[in-house]
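Reviewing the structure listed below.
Position 1 is the first residue of the sequence, and the numbers go up from there.
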Amino acid sequence: MRGYTTVTAESTNISLRKGKVRYALLPVWLLNTTWKGEKYTFAMNGQTGKFVGDLPMDKGKYKRWLLGFTALFSAAIYAAAYLLWLF
């Protein structure tokens with residue numbers, strides 16, 4: 001076990017000794033879902049909407065999106081380089 005943290009709260013004053021401070025926005029929602037027969041658990045920050053955890057993802061759709069984005073970006077760079085070469 002790594003060190004320990006002592007927290008003392010007196011009315012509105014909080015003191016922290018031998019610990020690291022990490023900020024978190026509340027509320028945090030713990031969510032469970034089942035997708036394609038597998039269970040997933042993750043947390044969502046209620047103020048920012050950011051997710052943490054093992055989120056279900058369609059790998060085929062991700063690959064198609066990535067290849068499409070790469071092709072579009074490459075075509076745009078090629079077109080810009082060609083226009084610069086013309087001038």
Side-chain angles (χ1 to χ4, degrees):
M1 182 169 145
R2 294 181 179 175
Y4 61 91
T5 302
T6 303
V7 177
T8 307
E10 296 175 12
S11 65
T12 58
N13 298 327
I14 297 174
S15 92
L16 176 69
R17 300 198 194 315
K18 292 186 180 180
K20 293 182 180 178
V21 176
R22 293 189 182 182
Y23 294 97
L25 296 175
L26 296 175
V28 174
W29 298 93
L30 295 177
L31 305 164
N32 296 305
T33 189
T34 303
W35 188 60
K36 292 188 176 181
E38 294 185 36
K39 292 184 179 182
Y40 295 90
T41 301
F42 50 96
M44 180 183 77
N45 186 308
Q47 290 184 352
T48 64
K50 292 184 180 181
F51 286 99
V52 176
D54 189 18
L55 299 174
M57 182 174 67
D58 184 351
K59 292 180 183 176
K61 191 172 186 178
Y62 171 75
K63 287 179 183 177
R64 288 190 301 272
W65 185 86
L66 182 63
L67 289 174
F69 180 75
T70 302
L72 182 65
F73 184 73
S74 297
I77 294 295
Y78 181 78
Y82 182 72
L83 289 174
L84 287 173
W85 180 75
L86 286 177
F87 294 111

Query raised in the report: Using links of under 4.5 Å between side-chain heavy atoms of ILVMFWY residues, direct or through other members, which residues join Phe73 in one cluster?
Result: Ile77

Report task. Kindly state each residue pair satisfying side chain to side chain donor-acceptor pair (under 3.5 Å) with at least one member in residues 28-37, sequence neighbours excluded. Result -> Asn32-Thr41

Report summary line: Applying side-chain contact (heavy atoms from CB on, under 4.5 Å) to Ser74 and not counting sequence neighbours gives Thr70

Query raised in the report: Taking only residues two or more places apart in sequence, or in another chain, which ones meet Leu86 in a side-chain contact (heavy atoms from CB on, under 4.5 Å)?
Result: Tyr82, Leu83

Report task. Please list, chain by chain and in numerical order, all residues satisfying ring pair (Phe, Tyr, Trp, His ring centres under 6.0 Å) with Phe42, sequence neighbours excluded. Result -> Phe51

